[in-house]
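Here is the naming used below: chain letters follow the sequence lines, and residue numbers restart at 1 for every chain. All values below were derived from every heavy atom in this structure, side-chain atoms included, with hydrogens, water molecules and symmetry-related copies excluded.
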Protein chains: 2
Amino acid sequence: MSGAGRNGAGGGGSRATMQRVAAAAGVSPMTVSNTFRYPERVQEETRARVLAVAAELGYVPNLAAGHLASGSSRVVGAIIPSIRNSSFYRYVRGLQDAAAEQGHEVMISLADDAEQELAAVRTFMGWRAAGIVLVGSEHHAETAALLRAARMPTVETWVRRGAIDMCVGFSVEEATRQMVRHLVARGRRQIGFIGYSGGVARRFADRLAAFRDELGAAGLAAGLDYMAHEADGFAAGKQALEALLTRAPGLDGVICATDVIAGGVIFACQRRGIDVPGQLAVTGWGDYEIASEIVPSLTTVRPRTRDMGRTAIELLLSGREAGGPPPPPRDVGFELVCREST
Amino acid sequence: MSGAGRNGAGGGGSRATMQRVAAAAGVSPMTVSNTFRYPERVQEETRARVLAVAAELGYVPNLAAGHLASGSSRVVGAIIPSIRNSSFYRYVRGLQDAAAEQGHEVMISLADDAEQELAAVRTFMGWRAAGIVLVGSEHHAETAALLRAARMPTVETWVRRGAIDMCVGFSVEEATRQMVRHLVARGRRQIGFIGYSGGVARRFADRLAAFRDELGAAGLAAGLDYMAHEADGFAAGKQALEALLTRAPGLDGVICATDVIAGGVIFACQRRGIDVPGQLAVTGWGDYEIASEIVPSLTTVRPRTRDMGRTAIELLLSGREAGGPPPPPRDVGFELVCREST
DNA sequence: TTTCCGGGTTCCACGGAAACG
DNA sequence: CCGTTTCCGTGGAACCCGGAA
């Protein structure tokens with residue numbers, strides 16, 4: 001750790017403070033402060049001089065000090081489980097755009113499991129973020145306790161029932177039911193479901209239940225499901241397809257928990273010479289970009305991820321009374337996109 | 001009660017401070033501080049009591065205040081241009097893992113253009129981050145000026161020549177040359193190159209030059225290249241393939257700037273009935289997961305993205321003397337992965 | 001403008017208890 | 001047996017940088 005100087009010298013590098021800039025520019029510290037926070041309050045000439053000196057010294061106002069003095073930080077923390085797929089991209093863009101409109105910044109932290117998520121929550125709380133956005137409603141017990149005890153404004157996304165504070169999502173049950181009805185209407189009779197096991201498994205529990213329920217309602221058997229290891233993306237599809245075909249050689253439809261799994265299924269079908277959708281109908285989830293490009297293109301669920309991001313910020317920065325009841329869950333809806341694979 | 005402070009604003013909601021925790025636990029603020037920063041200095045019994053009270057109040061030490069007081073932050077800012085593909089995932093994991101080992105946190109900010117990148121740099125500098133990691137060497141002029149003036153430790157990644165401070169990457173020229181030689185050795189004679197235009201175009205300039213140079217060295221014509229619009233992922237491949245085939249109906253090999261473009265090319269070939277690799281050899285870049293799963297699987301370049309992330313952190317936290325010369329660029333290498341598509 | 005914090009850390013002083021002579 | 005040293009947990013004072021009255 002290079003015990004660099006007691007103070008400054010090493011590390012952060014920036015020795016520039018408001019005082020120094022003020023001295024160098026021949027103005028008072030207050031003027032420097034105003035130059036950055038309320039430029040219109042400072043005469044143009046003065047402002048230009050201050051900015052020039054600041055640029056020369058590499059000075060940027062110390063947000064930590066500002067935050068401490070003003071008591072409000074303009075940072076929103078977003079914790080996401082993975083950046084491997086494009087729907088999170090749109091989601092994060094939604095967060096950032098909406099936050100920027102209100103003069104806030106979004107900081108992102110990646111967390112693959114509940115443990116890491118908790119650590120990230122601690123950090124954001126340490127920064128006294130204006131709010132925190134999580135994905136899903138499965139968290140470390142301590143995460144929920146901490147956020148609630150601190151009354152940190154929190155939004156859980158991608159789910160319709162939050163466990164902590166506010167939430168925004170869409171009905172995965174309804175989407176799953178529509179998928180099943182779609183396949184049944186296309187004449188499919190032996191339909192399987194592929195999800196992920198592991199830490200994210202519970203995220204798929206509702207879908208699996210809806211899948212079974214709707215199949216039952218259609219008078220079809222509902223025992224065909226397979227949970228692939230979550231670390232496998234496309235490979236999960238291959239693995240699952242093999243398992244399902246062993247159990248049900250007459251399988252003629254498969255509902256996948258993500259477009260990536262569905263893509264893996266399609267690739268596996270290409271290798272095994274199975275015709276999609278002739279022999280097997282395949283559906284995905286998420287409407288990632290690959291869904292519209294793969295051959296055959298993929299029937300999938302398109303959630304309004306960008307809206308979800310925007311709505312999360314809206315909820316977070318709505319300025320609800322601390323202690324007041326949380327606003328009701330928001331539903332941004334989804335859309336069934338039918339393509340060649342069914 | 002909620003608006004305890006002079007300016008409520010509803011903000012963080014957390015009114016828990018060290019003082020309050022100390023009072024509630026019947027100890028001095030110092031003991032609370034020690035409990036969190038140097039647990040071993042505090043007697044176990046006292047520590048347990050403090051932690052219990054802290055949990056109850058939802059108290060987490062205020063990092064802004066801490067950083068202000070100590071003059072050093074344990075945050076590394078990473079700015080990445082996109083989270084649409086899996087190589088950034090591994091890269092970010094590398095950053096986070098390495099940072100965690102040294103007790104640091106990585107905060108991520110997404111920036112699609114130089115303007116946004118500069119804003120993110122400002123924010124991280126405002127928080128007095130311990131260091132900043134950027135992607136590429138194409139930045140806003142002010143970005144470089146600011147970072148240098150403030151002596152902010154900075155690492156540029158994915159490139160071998162940095163413009164600011166330190167850098168880590170691998171030789172894209174050498175990788176491109178190997179690709180070309182690989183295709184030529186496979187008997188290809190009309191080889192095209194597909195990259196992206198727009199803001200990221202310059203990132204591909206070196207590759208394009210190496211492509212032309214190596215083709216020339218092989219005695220082949222090197223006029224076949226196409227820059228697709230960067231917003232298009234897979235679709236760019238389709239678009240580019242059509243353009244190239246129009247110009248060169250005998251096209252028998254194509255080098256793509258990313259696996260996603262290559263995937264798009266393969267999908268387009270499937271639609272047009274072009275046999276890959278029979279009629280057309282296709283190569284990608286990045287070894288995203290799809291490369292090994294798509295049919296046919298993709299010959300591609302596998303950069304050591306995870307190592308790149310780790311190395312970036314290593315450089316950043318190496319504790320170099322402020323003002324000293326930056327360490328030489330680091331090369332983490334790459335690997336040519338040959339698969340079915342060639 | 002000046003002054004006074006905000007919330008925490010660093011450095012050092014304090015005092016009780018155990019160990020030593 | 002008592003006085004003194006050592007150790008260690010705890011608390012006090014002086015800041016860190018910028019915002020608001």
Side-chain angles (χ1 to χ4, degrees), chain A residues 1 3-39 41-42 46 50 54 57-74 123 125-129 150, chain B residues 4-9 11-12 14-50 54 57-75 103 125-129 150:
Chain A
M1 319 265 95
R6 354 254 69 201
N7 240 348
S14 164
R15 242 204 264 12
T17 71
M18 214 167 69
Q19 266 81 356
R20 273 166 219 252
V21 173
V27 299
S28 81
M30 212 39 234
T31 304
V32 177
S33 175
N34 281 331
T35 299
F36 283 96
R37 277 181 63 76
Y38 307 101
R41 290 188 192 166
V42 181
T46 314
V50 171
L57 298 177
Y59 172 75
V60 172
N62 187 326
L63 294 177
H67 164 217
L68 199 55
S70 72
S72 79
S73 96
R74 310 192 70 84
T123 302
M125 288 186 59
W127 285 106
R128 298 298 185 266
Chain B
R6 23 275 266 88
N7 49 6
S14 163
R15 292 264 156 249
T17 70
M18 217 170 69
Q19 312 283 352
R20 272 166 216 249
V21 173
V27 297
S28 81
M30 257 331 294
T31 304
V32 178
S33 175
N34 282 331
T35 300
F36 284 96
R37 276 191 67 69
Y38 307 100
E40 72 282 0
R41 289 189 192 167
V42 179
Q43 212 150 31
E44 190 165 331
E45 194 183 334
T46 314
R47 195 198 321 159
R49 193 167 71 243
V50 170
L57 269 48
Y59 172 74
V60 174
N62 187 327
L63 295 178
H67 295 168
L68 189 57
S70 70
S72 79
S73 103
R74 320 221 90 200
V75 167
M125 287 185 61
W127 286 112
R128 300 297 185 264

Whole-Å gap separating P (C:dG7) and NE2 (B:H67): 16 Å

Rounded to whole Å, how long is the line connecting atom CG of A:L68 with atom C1' of C:dG6? 4 Å

Whole-Å distance between C:dG7 C1' and B:N62 CG? 6 Å

Could you check A:T35 against A:T46 for side-chain contact (heavy atoms from CB on, under 4.5 Å), going step by step and ending with a plain yes or no? CA-CA 9 Å; A:T35 299; A:T46 314; 5.8 Å; no

Spacing of A:M125 atom CE relative to C:dG8 atom P, expressed in whole Å: 12 Å

OP1 or OP2 of C:dT10 less than 4.0 angstrom from a side-chain nitrogen or oxygen of B:Y38, does that happen here? yes

A:R37 CZ - D:dA21 C1' separation (whole Å): 15 Å

Side chain to side chain, A:R128 and B:V60, heavy atoms closer than 4.5 Å: yes

Please report the distance, rounded to the nearest Å, between CH2 in B:W127 and P in D:dC17. 16 Å

If you draw a 6.0 Å radius around CD in B:E44, do more than 12 non-hydrogen atoms from other residues or ligands fall strictly inside? no

Quick check on C:dT9: is either OP1 or OP2 less than 4.0 Å from any side-chain nitrogen or oxygen of B:S33? yes

For B:R37, all residues meeting side chain to side chain contact (heavy atoms under 4.5 Å, CB included), sequence neighbours excluded: none

One should read off an interatomic distance between A:H67 NE2 and B:L68 CG, to the nearest 0.5 angstrom, of 11.0 Å

Whole angstrom value for the distance that separates C1' of C:dG8 from CZ of B:R20: 15 Å

So, does B:Y59 get its side chain near the phosphate of C:dG8, meaning an N or O under 4.0 Å from OP1 or OP2? yes

Is there a side-chain contact between B:T17 and B:R20, using heavy atoms and a 4.5 Å cut-off? yes

Closest heavy-atom pair and its distance - A:A150, B:G58: CB-O, 3.3 Å

Rounded to whole Å, please give me the gap between CD in A:Q19 and P in D:dG19. 11 Å

Distance from B:R41 atom CZ to B:T31 atom OG1, nearest 0.5 Å? 11.5 Å

Contacts under 3.5 Å, N or O only, protein and nucleotides 8-12 of chain D:
residue: D:dT10; atom: OP1; partner: B:T46; partner atom: OG1; Å: 2.6
residue: D:dT10; atom: OP2; partner: B:Q43; partner atom: N; Å: 3.1
residue: D:dG11; atom: OP2; partner: B:S28; partner atom: N; Å: 2.8
residue: D:dG11; atom: OP2; partner: B:S28; partner atom: OG; Å: 2.9
residue: D:dG11; atom: OP2; partner: B:T31; partner atom: OG1; Å: 2.6
residue: D:dG11; atom: O5'; partner: B:S28; partner atom: OG; Å: 3.3

Degree of bending, the helix from C:dT2-D:dA21 to C:dG21-D:dC2 (end axes from five pairs; round to 10°): 40°

